[in-house]
Structures are given as structure tokens and as C-alpha cells.
Protein chains: 2
Amino acid sequence: MSMSATPTRKEREFQAREELILSHARRLLLEKGFQAWNMEQLADAVEYSKGTLYQHFTSKEDLVLAVSTDALRMRADLFEKAAQFKGKTRERCRAIGFACCEFAYNYPEYFHIEMMLKSASFWEKASEERRQAHAFQGARTWRVLNNIVVQAMALGDLPSGRYTPEQATFALVSVTVGSHIMTQEPILRVQAGITDPMASVRTNQDLICDGLGWQPLLHDYDYASTDKNIVKELFPSASAWLHID
Amino acid sequence: MSMSATPTRKEREFQAREELILSHARRLLLEKGFQAWNMEQLADAVEYSKGTLYQHFTSKEDLVLAVSTDALRMRADLFEKAAQFKGKTRERCRAIGFACCEFAYNYPEYFHIEMMLKSASFWEKASEERRQAHAFQGARTWRVLNNIVVQAMALGDLPSGRYTPEQATFALVSVTVGSHIMTQEPILRVQAGITDPMASVRTNQDLICDGLGWQPLLHDYDYASTDKNIVKELFPSASAWLHID
DNA sequence: CCACATTTTGACCGTTGGTCAAATATTTTC
DNA sequence: GAAAATATTTGACCAACGGTCAAAATGTGG
């Protein structure tokens, strides 16, 4: 019965078990999607019973939302790290693009899950707590990118007359999400002749930035050098998904 | 036992019933999504039994895929109609943008369903016939847009050195899908201050076109006149979703 | 060692997608 | 036009699964 802020042994055990459950659920989601596994199987995997799972999560949807929010938190972390990059505003925006690819490489199932959250009656079945946690992490990623856009306009790198910062940020978010989803569509990949999905995503981001008139434009500057620095300083492990010919 | 190509009475009745089922399923999907209705309820609605439904569709997923493909066919029809617009290549591309908004307005549930198709184990449960039908309609929409891009490059409206036609088409498809999905996200709508979703989608398409250097650029030409003509000639009913201040 | 509190369990429930033998309707045959 | 043959429709039934809860197991304090 501790009144202190430090967790008791019980509380720590509870937390450790929750992470165990989440890690196994993440694996199942990655391997099988949402439908092709059930709570019984997950209970077997973590070596607890079904009833115990429901002490941590109100429903299967609540559990999946928790997995998704965990991933979203990591993405926000990567975004904040990328935003620290020293350079012009467009270079920093570019660093965010790398962060998003780094994330997508490590959590390839994430966008699928995120799409499920939008369509189904997921939100009704999830607990209020987890809904708020998800919204909070989503707001973090938005804020990081929007801050860079605001600064770019303040500095004059990005024309401020035609589009509001929010419009520009929204365009970047939309093209990024859309590109990640579309690159994961096998049929479209063949039609569009895509061999390097991450490169396609970043190309589309460049198109939006150029369309916004974000200086310096793609072909007026040596972004190859920028990219080298971003990778070296922020994402040394990016070579796993970065295909440079 | 007719050997002729014209359908017998039975075949016509079967076809009519299939359309009845599809129209009720479409309504249920629109009102309740995927989970919040079951095959029993659909059977009641069409005044047939569950068993009869399964003579038309191999599974609930197969049925939903059929609804989705129907919608996709209408979209392809609208695209082909829009591509006929007389004008510069970028104006025709713009007409496609209008077609997509017209479609999204009439089938607001479509993108949600389309996202379900990507994530879940939908395809396994659907019949081979319906899978092919869906791929065919998808290919139609791609082709229409890609043709315009190819022509634009041939005419010199669109620089052909930097991006391939497929890359340009892919960028437009990605930004469109991403924008439609994102505009349907209530939280993001507040964050981005979006009051007119369709306008946001079309703005993002313009940004990609400008980024590609598709002449004439957005602010070098009187596209307001173009838009008036597109609406008048192709989509007279667009006033329902077109908010012009 | 016992009494009490907490945690864990898995049998059980309701719902739902899907099946199939029986009932019903339709067509063919004589 | 009645009986036989064929085709269609039905809804009871099944299995799978998310979720619940009384009982068993475990832990705790005296």
C-alpha cells in the first residue's frame, strides 16, 4: 500500500506484463494482421490466461490501439530528433522525411493498423484513456512538422502569401500518408514501376515542397550532401532501406 | 435452356436480386461501416434468407468487395468522362480532380472500404472473379490519368526529363488518396483548420502539379474560368460540394 | 497455521459468419 | 393435368471468437 510516487513491486510487475503482452500483440499484428489471430492464442503466447489480458485491455481493439499508439510515440520521437537537424528549413523538413521512412521501415505494419483505426468501430470499443493517448502522440507529430513550416515562412524560405502554414503542413502529411499506403499496394507498384518505395515517398514530398515554392528548390541545391549528413548524424542505420545507386 | 447470349427470365431475376442485395449492402456500409451489421439483418432487409445471399457471394467480404468494385467502376466512368474535356493537358488533369471529388461526394464511404481491402484478410475470403473485376476497374482509373500525363510530356506541357510519366501519375494518385483520407479525420481537420475538404484535396493536387512543373502553373493562368467550364460541361451537380466564396 | 485479500483461471455465454439437408417451388414428362 | 424430376429457398445448426465471472490459486498479515 505505497502512497509514494515510486511504483511498488506489484506495479512494476503489472507494467512489465503489459509490455510483454504488447510486444507479442505487435508481433502477431505484423505477421497476421488483425483478424488471423485471437485472444486465446495471444494468451497462450504470453503464458497467461485470457481473463488476465482483459485486466490490461478492455477489448481486442483497445489492445491494438495501444500497440498503434506505442508506434506513434516512437515516430514522434524520431520527428523531434529530426527537427533538431542544423540546416535550412527545407533541409530540416527533409530530415523529417527521413525520419518517417526510418519509422516505416521499422514498423511496416503501422499504416495498415492506422487505417483500421479510421474505418472500423474501433474507437467505440477502445478505452477513453487510450484514445486520448493516441490523440496526444498524433498532435506531437503534427506540431513538430508545423513548427518547421511556420519558421520557414517567418524566414522567407517558404512564401507565406499563398498558403497558410496549416495548409502546407496538411499537404505534406497527406502526400506522405498517401504515398506510404500506395507504395504498399503490389498492383500499383507494378503499374508505377516502383522498385524503391521509400524513394518514391520522398520524391512525392519533394514535389509538394517544390510546389509550395520552398527554397531552395530541389534542383537548385545540392541535397545529396544534405542527405548524407542527415543519414550520418541522425539515422546511421538508414542504409537498410536507403538504396543509392 | 437458352443457348442464346440474351439472358433468360431466370438469369434476369438472378441479376435483379443481386443488385437488390448490393444496394442494401451499400446502404448498410454507408450507415454502419463493416462490423455493425450482419448477414441476417441484410437477409431480412432484402426479404430473402441468409442461404440465398450465399448463392450470390462466397462471404461477407466478397459482398463488400463487390460493392466497392461497383463504386470503383463509377469512378472510372467519371474519369473517362473528365478526360474528354477540351483544353490544355493540365486543365484535363484538373477535370479529373473534379471527377474524383464528385465521386467522393457521392460515395463518402468508399475510401474507408478501400482501406479495409488493403489491410484485412479480405482478398483471401473474396472470390477470384471479384478480385479480378476490382483490379480491372483499378487499372482503368490509372490508365486514364496516366494517358493525360504521357500526352502532357509529349506536348512539352510537363517536363519529361526529371520524372517518368508513371512517377508523375503515382504522385497524383498518392496525394489524392492521402488527402481524401486525411480530410475525413476529424482531429486533423481541426488542427489544419479545414472547412472545405474537397478544396483541400484539389489544392494538394495543384501543389503536386506545380511541383512537377506542369504548365501553365497555378498562378500563371486563369484556372477559375477553367473550373467554371469543367463544372458547367461535365459536373453540373457539383454545386453540392463546391463551395465558392 | 489461519483468516483474509488479491490475482488468475478457464468454463461458459452470446453473437455471427457460414453450411446443408429438408422443404418448397418450378419445369418436364407422359 | 398429375406425377416425376429438377431447381431453388430456407432456417436450424455448427464452429469460432470476443468477452465475463464464479471459483480456484496465490499472496499477505498476524
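Lettering follows sequence order; numbering is per chain, from 1.
- If you check every strand for non-hydrogen atoms under 4.0 Å, A:Thr58 touches nothing.
- Separating the CZ atom of B:Phe14 from the C1' atom of C:dT26 is a distance of 17 Å, rounded to the nearest angstrom.
- Taking atom CD on A:Gln35 and atom P on C:dT16, their separation rounds to 14 Å, with Å as the unit.
- Applying the salt bridge (charged side-chain N to carboxylate O under 4.0 Å, His left out) criterion to A:Glu47, with sequence neighbours excluded, gives no partner residue.
- The distance from atom CE of A:Met39 to atom P of C:dT15 is 20 Å, rounded to the nearest whole Å.
- Each of A:Gly51 and A:Asn38 was assigned the nucleotide of DNA chain D with the nearest heavy atom; the assignment lying further toward the 5' end belongs to A:Asn38.
- Contact annotation: A:Arg17 side-chain N/O to C:dT7 OP1/OP2 distance is not under 4.0 Å.
- Rounded to whole angstrom, the span from the OH atom of B:Tyr54 across to the P atom of C:dT16 amounts to 12 Å.
- Taking 4.0 Å as the cutoff to heavy atoms of chain B, we find the contact window on DNA chain D bounded by D:dT8 to D:dG11.
- For A:Phe122 and A:Phe34, the ring centers sit closer than 6.0 Å to each other.
- Within the 4.0 angstrom heavy-atom criterion, base atoms lie near B:Gln55.
- Whole-Å rounding puts the B:Asp44 CG to C:dG17 P distance at 13 Å.
- Figure legend: B:Arg75 and B:Tyr107 shown without cation-pi pairing, the cationic atom not lying both under 6.0 angstrom from the six-membered ring centre and within 45 degrees of its axis.
- The interatomic distance linking B:Leu42 (CG) with C:dG18 (C1') rounds to 14 Å, in whole Å.
- For the pair B:Glu40 CD and C:dG14 C1', the interatomic distance rounds to 14 Å; values are reported in whole Å.
- Between the NZ atom of B:Lys60 and the P atom of C:dT19 there is a distance of 15 Å, given to the nearest Å.
- Here B:Trp37 and B:His24 keep their ring centres 6.0 angstrom or further from each other.
- Annotation: A:Gln41, atom CD; neighbour count of heavy atoms from other residues, nucleotides and ligands within 6.0 Å is above 12.
- With rounding to the nearest 0.5 angstrom, the CG atom of A:Leu234 is 10.0 Å from the CD atom of A:Glu102.
- Between C:dT8, C:dT19, C:dT16, one nucleotide has an atom nearer to the side chain of A:Thr52 than all others, and that is C:dT8.
- Counting heavy atoms of neighbouring residues, nucleotides and ligands inside a 6.0 Å radius, atom CZ of A:Phe136 does not exceed 12 of them.
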